[in-house]
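Take a look at the structure below.
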Amino acid sequence: MMNTWITASAVAVIAGVTGFFAVLRGSTFAAHAIPNGAFAGAAGASLLGINVIWGLAVFAVAGALGIGALGRRARHDVVTALALVLMLGLGALFVSVSTEYADETYSLLFGEVFGVSGAEVLPIAGLGIASIAVIGAVFRRLMLASAMPEVADARGVSTRSLEVYFLVVMALATSMTVPVVGALLMFSLMIGPAAAARSFTGRPGLAMALSVAIALVTVWAGIALSYRTNWPLGFYVGVMGAGFFLLGRCWAAVRQRRAVASPLPVLPNESGYLPGLIALPCRRPCCAGRSAVPAVLLCRPLCPARASAQPAAPAAPDNFPQKTAAGLLMARRGESSVCDDETSDVWPQLWPGSRRTRCDGFRLHRRR
Amino acid sequence: MHYLFAPGLLSSGPVRVALLVGTVVAITSGVTGVFTVIRGQSFAGHSLADVATTGGAGAFLVGVNQFWGFLAAGVAGAALMEAIGVQRRRGRDVATGVVLGGALGAAALFLYLGTQRTSVTGASFTILFGSMFVISPDTVPALIASGVVALLTVAVLARVLLLSSLSPELAAARGVRVRLAGAAYLIALAVSVSLSAVVIGAVLSTALLIGPAATALRVARGPARAMAASAAIGVAVTWLGVVLAYDSYYWPPHGHGWPVSFFVVVLVVLGYLLSYLPRPGGRPRAARRREAAHEAGHEAGHEAGHEAGREAGREAERDAACSPA
């Protein structure tokens, strides 16, 4: 039982940390596809008679690299879906050829966390520590590239290589635990707590800690319940993850209703731009911490509480120039660009003290 | 000829059912898939298949016909995803993931209880991968009917969906109820996906939904042609997969066929990768890109709304059909 607790805790930490970034970056599909497809590697390895771990590692890394490489030229979700079905198709072949592997499919998908042996605990605990270390090494860069890819690009951070780095780390960390906890349980544990944590707090660091904490609580309660009722752990983890998410959404909704109109947040000056990203996330519940500095400006028109108080302010369109690299550079210089007729009329109201200086395609408002 | 078509191919009952069902599923998935790819809902498409299998496991447990379990769970899953209702693409994926996580948990429970009761351990494998050669002919009429329902829904929604997928602001400005159209589409997708999942398994259902559509969107000009091409690719791939799987009884290891899903998936992925090859006689990539950039710039500068709306919508459709990236 002790082995189960330690293993499950290590898995919860891995899931909490990688899941937070998976949710933040919107690579939920990859988080589902890679461990799920890696199970085919396990089937192939057992067919060849080598250690299952190698099959998992090869398939996980190949899947992550494939998604990363092809994702540059096409839609990410399409490439992820095709990688997933290709790996699972190979898995179907391996399983059908070996014929005796089908019984193990259930445990690979849903895990056998109560059957952990002492020899398996140490590698998984080490893996947990290692995954935190490698993510921690690039934490700030990854945070920036995940929350605001354009700013990261403008600052010279290579978002592409960071993406592949993250995918490979996530693939290895999650796939190695597949024989113990199962591909599907790992996914439930990654998404539910992380998504819930982001509803509870807007601060990135706190959200990550909360994500780990919720994952730990989920796993511990799940093990206790599963031990008593003999129902599978995957059921409790999946249901509790969804429950925590629901709770988070309710919390966010209540907080949003209570939100009062506050004065415009102070823009950090030129030098304080990057620290401001981490230190000054938008505290408004409507942004839920997703936005950092430039988006603070967007927060106001987007905020429903604010919009009802000020019916003149329409929602900013999705292609708002603030999101482009050029727009960000202007924001850094204290200018802002608005290319839409509707928003440009509202802009001076939103940002007192600005005035129109130039109008050639983009309308520029220079801040005092 | 015998080398390619093993003797007795078309006189075999299971093969005929597999070809018929495969054709229906390939056409339905092909047409639905075009919108799935344009709207960036591949994850939802895959998840709905998984959610539907949960319903299948539940129905197996209760003793209802599996077919209704798949359908009910698929539609309920789609409704839940829509109810969580985040419109941004990243947030939508998270909502999908949460629903999927919950459903997988339930699947774990159902399969566990199922094995407790009947000690059938291969159930999880069959539910995930399915098998085209063991479809019971009774389900075929219901399958065809639901395929027609999904196709009709998509056909009715097609124009509205295209506009609201490519430019939600424009659609909203033209009085389209974007949210409602999206919800209706997701339900149609759930019907189509859960039916293909019940007969050919969750994996193959995703492959036929995404692969042909993504390939068609890369090679075809315009959404209507893309839908036709996607259905054609889907049917071709399915037929070829079934024929190869039938032939594979004579391949090593002897006396044991290779799974259909393997062939179909490999063909689908190959087709998609082939669409990246430069086309003979096609314009150089740089020229096409310049043109696309020009059109995009033109579109960004459009005078909002009104009579330009329809025009810009068409242009955007063409853009997306040419370059889904």
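Order of the sequence lines sets the chain letters (A, B, ...), proteins ahead of strands, with each chain counted from 1.
Rounding to the nearest 0.5 Å gives a distance of 7.0 Å between OG1 of Thr215(B) and CG of Leu82(A). Atom OG1 of residue Thr80(A) and atom CG of residue Asp93(B) lie 9.0 Å apart, to the nearest 0.5 angstrom. How far CZ of Phe262(B) is from CG of Leu86(A): 8.0 Å, rounded to the nearest 0.5 Å. We find the CG-CG distance between Leu104(B) and Leu185(A) to be 10.0 Å, quoted to the nearest 0.5 Å. Rounding to the nearest 0.5 angstrom, the gap separating the CG atom in Leu100(B) from the CZ atom in Phe187(A) is 4.5 Å.
Here the closest non-hydrogen pair linking Val94(B) and Ala195(A) is CG1-CB, 3.5 Å. When every heavy atom of Ala108(B) is checked against every heavy atom of Pro232(A), the shortest pair comes out as O-CG, 3.6 Å.
Heavy atoms closer than 4.5 Å to chain A are found nowhere in Val99(B), neither backbone nor side chain. Residue contact with chain B, scored on non-hydrogen atoms closer than 4.5 Å, involves the backbone and the side chain of Val78(A) alike. Heavy atoms closer than 4.5 Å to chain B are found in the side chain of Leu84(A), but not in its backbone. The parts of Val98(B) that come within reach of chain A are both its backbone and its side chain, each placing non-hydrogen atoms under 4.5 angstrom from that chain.
Results of the side-chain contact (heavy atoms from CB on, under 4.5 Å) test with Val85(A) over Val266(B), Val268(B), Val265(B), Val264(B) single out Val265(B) as the only residue that passes.
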Would you please test Leu273(B) and Leu70(A) for side-chain contact (heavy atoms from CB on, under 4.5 Å) and show each step?
-> CA-CA 10 Å; Leu273(B) 291 179; Leu70(A) 269 179; 4.0 Å; yes

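Taking 4.5 Å as the limit, every side-chain heavy atom of Asp77(A) sits out of range of all side-chain heavy atoms of Ile210(B).
Using the six-membered ring where Trp is involved, His32(A) and Phe43(B) have ring planes that are tilted, between 30° and 60° apart.
In terms of non-hydrogen atom pairs under 4.5 Å with chain A, the most contact-rich of Gly102(B), Gly45(B), Gly101(B) is Gly101(B).
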